[in-house]
Amino acid sequence: QVQGDWWDQSDWIEKVFGDYEARWIVPGWKDPLFDKTPQFEQADSRAVALVRYAAEGLSDLRDTRTALEIDLGGTMNALGAVAFQKQEGKLPPALSGIEPQYVNRLFKDPYNHNARYQGNVFYDMQFWVPMRDQTWDRRETPKPYAVEVVLPGEGESLFVAEAPKGGSADAVLRGLSDNRPALQQMIGRPAPEIALNDWHNTDSPITMAGASGDIRVVIFWATWCGPCKAAIPGNNEVFAKYKDKGVTLFGICDSNQGRSMARTADQHKMAYPTGMMGNDNNEAKAYNLPHWPFAVIIDRVGTIRGAGIWPKDLDKAVAALLAEQPKGWIEKLDAEIAAVDQDIENAWADVGLDMSELADMKVKDVWAAFDIDVPQDIVDRYGDMTTTEISELAFSDPQAVQDLGEISMEVAQRIRPGMFNGETSKSYTANLDDTTFLLYSTGPDGMDNRAKKVGAGGDDVLMWPPLMSLTRKHLHNEL
């Protein structure tokens, strides 16, 4: 009885096909179309079961094509750079230097889109020579550049980051934020605290810094600001829609020489809490406030995720972050951490060790307690050091990391069996010297991380050096 008739099925076939056709011809992943849920996912799996069955897999088809385009186009660009190096005896100053002599036309980065222009305007892929282009202190000896390569799990691709499903939170929030460099640089950093006075519509002051467990939407406004007051009804709607989903929306009012914040809030039927800054609004300087109104989105752990978001875009911004960090997300994370901590504490107790004494404990005693077979030369070199000294050494001595890495992994396995068997992605570190360059895409999140983490689920997508070659070399070294 729930199955749709022929006409319903036909309508949904047209909707699903038309939606996929539209997504297929749009280049890149930055188009607003990808922030919308595909028609396929909106179709009722019971009423139009045949449509859902027939179209299953189409969602991955465009991802596969993009992966292929990146591999082929990135390889072409990389070979152009290698040809330039062979001909000129040096690498090009920028990737654009290989066009048109070595490649007829550069393949652009499908993830790196300039949203300020109409149409589809894409940037070049990122080209970076670590040993040449890094800024080094003159007293510092340049070291090989370390890239973490995350190996794929079952069914994952080694080569490309996963394409965004409905728009990643980072991509959406950055796209909605003010593009001034000072504001873009705030994104990803801890939110500074602002001390507020004269709270209205609440009995409890609200903090901005640190992990509160809630997503915080902070709206800077002023009693003299017409657009601020005009935005209050829309802000009320966002407040009401998300207040029971772990989202705290509140205002921060310009002190403005003592004008009545409470009276203005009541006149415009403000439903959400608001506090007032101190005289001269010095606290606002921490947020590089360029205009009023001005909204900042802070995630559940206290990190700024969006800055300078306009009132009309608040709902979309909150929805994107809520999809990434739903209500209960931080509690679930805390529970997982607590479970790990308890397992570790139990494991130490089982072998007769007291965790409270861990900092001053010699590592050879830890190895002996967990019955770890350690080569004698390693015991002689590191055994009498405390666990604190070993931790500090790991940040300054790559040789110590290499010597102790496998041993530390074995200790971790004894403490919590299965810790690295599928629960955590396996990865390896590739050290790149001055004989090569990095050619990469910023990936779906649109953030340039200098290809520090690539591979399955990595932040950026590495085209050169080829991940297959790096992995083959790594496996060869392991053997």
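- Judged by distance alone, the side chain of S177 and the main-chain N or O of A307 form a donor-acceptor pair under 3.5 Å.
- The heavy-atom pair separating P465 from F437 by the smallest distance is CD-O, 3.5 Å.
- Contact annotation: the side chain of V461 approaches that of I70 to within less than 4.5 Å [non-hydrogen atoms, C-beta and beyond].
- If you take CD1 on I194 and CD1 on I206, they are separated by 12.5 Å, rounding to the nearest 0.5 Å.
- In plain terms, the two heavy atoms of A222 and C228 that are nearest each other are N-SG, 3.7 Å.
- V217 has its side chain out of reach of V238: every pair of non-hydrogen atoms, C-beta onward, lies at least 4.5 Å apart.
- At least one donor-acceptor pair closer than 3.5 Å links the side chain of D178 to the backbone N or O of R180.
- Remark: F250 CZ to T207 OG1 distance equals 7.5 Å, nearest 0.5 Å.
- Within the 4.5 Å cutoff, the side chain of W12 has heavy atoms near those of the Q39 side chain.
- Within the 4.5 Å cutoff, the side chain of N235 has heavy atoms near those of the Y272 side chain.
- For the pair N236 (side chain) and A271 (backbone), a donor-acceptor distance under 3.5 Å is present.
- Aromatic rings from F294 and Y287 are positioned such that their centres are separated by 6.0 Å or more.
- Within the 3.5 Å criterion, the main-chain N or O of P233 finds no donor-acceptor partner in the side chain of K269.
- Residues that satisfy the side-chain hydrogen bond (donor to acceptor under 3.5 Å, both in side chains) test with Y145, not counting sequence neighbours, are absent from this structure.
- Rounding to the nearest 0.5 angstrom, the gap separating the CD1 atom in I215 from the CG atom in L321 is 4.0 Å.
- Although no hydrogens or angles enter the test, the distance criterion places a donor-acceptor pair under 3.5 Å between the side chain of D133 and the main chain of V129.
- Taking all atoms of both residues into account, the shortest heavy-atom contact from P130 to L438 is CG-CD1, 3.8 Å.
- Here the closest heavy-atom approach between residue I304 and residue P190 is recorded as CD1-O, 4.3 Å.
- Going from atom CG of L462 over to atom OH of Y440 covers 10.0 Å, rounded to the nearest 0.5 Å.
- Without hydrogens or angle criteria, T471 side chain to L467 main chain gives a donor-acceptor distance under 3.5 Å.
- V147 places none of its side-chain heavy atoms less than 4.5 Å from the side chain of T429.
- Annotation: W310 is in aromatic contact with H291 [ring centroid separation under 6.0 Å].
- Here the straight-line distance linking atom CD of Q3 with atom CD of Q9 works out to 5.0 Å at 0.5 Å rounding.
- Interatomic distance, CG of N431 versus CG of L470, reported as 10.5 Å (0.5 Å rounding).
- Ring geometry for W224 versus W292: interplanar angle over 60°, hence perpendicular rather than tilted (30 to 60°).
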Tell me, with the steps shown, if W221 and T264 meet side chain to side chain contact (heavy atoms under 4.5 Å, CB included). CA-CA 11 Å; W221 70 289; T264 305; 4.1 Å; yes
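- Between the E148 side chain and the V454 main chain, no donor and acceptor come within less than 3.5 Å of each other.
- The backbone N or O of D360 sits nowhere less than 3.5 Å from a side-chain atom of T386 that would complete a donor-acceptor pair.
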Practice item. Begin with the C-alpha distance, continue with both residues' side-chain angles, and end with the deciding distance and a verdict on side chain to side chain contact (heavy atoms under 4.5 Å, CB included) for M277 and L196. Key: CA-CA 5 Å; M277 286 184 283; L196 300 174; 3.8 Å; yes
Worked verdict on Q126 versus L439 for side chain to side chain contact (heavy atoms under 4.5 Å, CB included)
CA-CA 6 Å; Q126 302 296 317; L439 181 67; over 6 Å; no
Exercise. Is there a salt bridge (charged side-chain N to carboxylate O under 4.0 Å, His left out) between D11 and K15 once you walk through the steps?
Worked result: CA-CA 6 Å; D11 288 345; K15 286 181 183 179; over 6 Å; no
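- Residues meeting the salt bridge (charged side-chain N to carboxylate O under 4.0 Å, His left out) test with D124, sequence neighbours left out: K108.
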Query - side chain to side chain contact (heavy atoms under 4.5 Å, CB included) between I219 and L314, worked out - result: CA-CA 10 Å; I219 301 170; L314 272 185; 3.8 Å; yes
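- In this structure, F220 and L289 approach most closely via the heavy-atom pair CG-CD1, 3.7 Å.
- Residues D109 and S441 bring a donor and an acceptor atom of their side chains to less than 3.5 Å of each other.
- Put simply, the side chain of R216 never gets that close to the backbone of T248: no donor and acceptor are under 3.5 Å apart.
- No side-chain heavy atom of K229 sits less than 4.5 Å from a side-chain heavy atom of T223.
- Using a 4.0 Å cut-off between a side-chain N of Lys or Arg and a carboxylate O of Asp or Glu, K241 and D315 qualify as a salt bridge.
- Using a 4.5 Å heavy-atom threshold, the side chains of R305 and I298 count as separate.
- Across all non-hydrogen atoms, the minimal contact from M270 to N201 is O-ND2, 3.0 Å.
- By the 4.5 Å heavy-atom criterion applied to side chains, L432 and P144 are not counted as neighbours.
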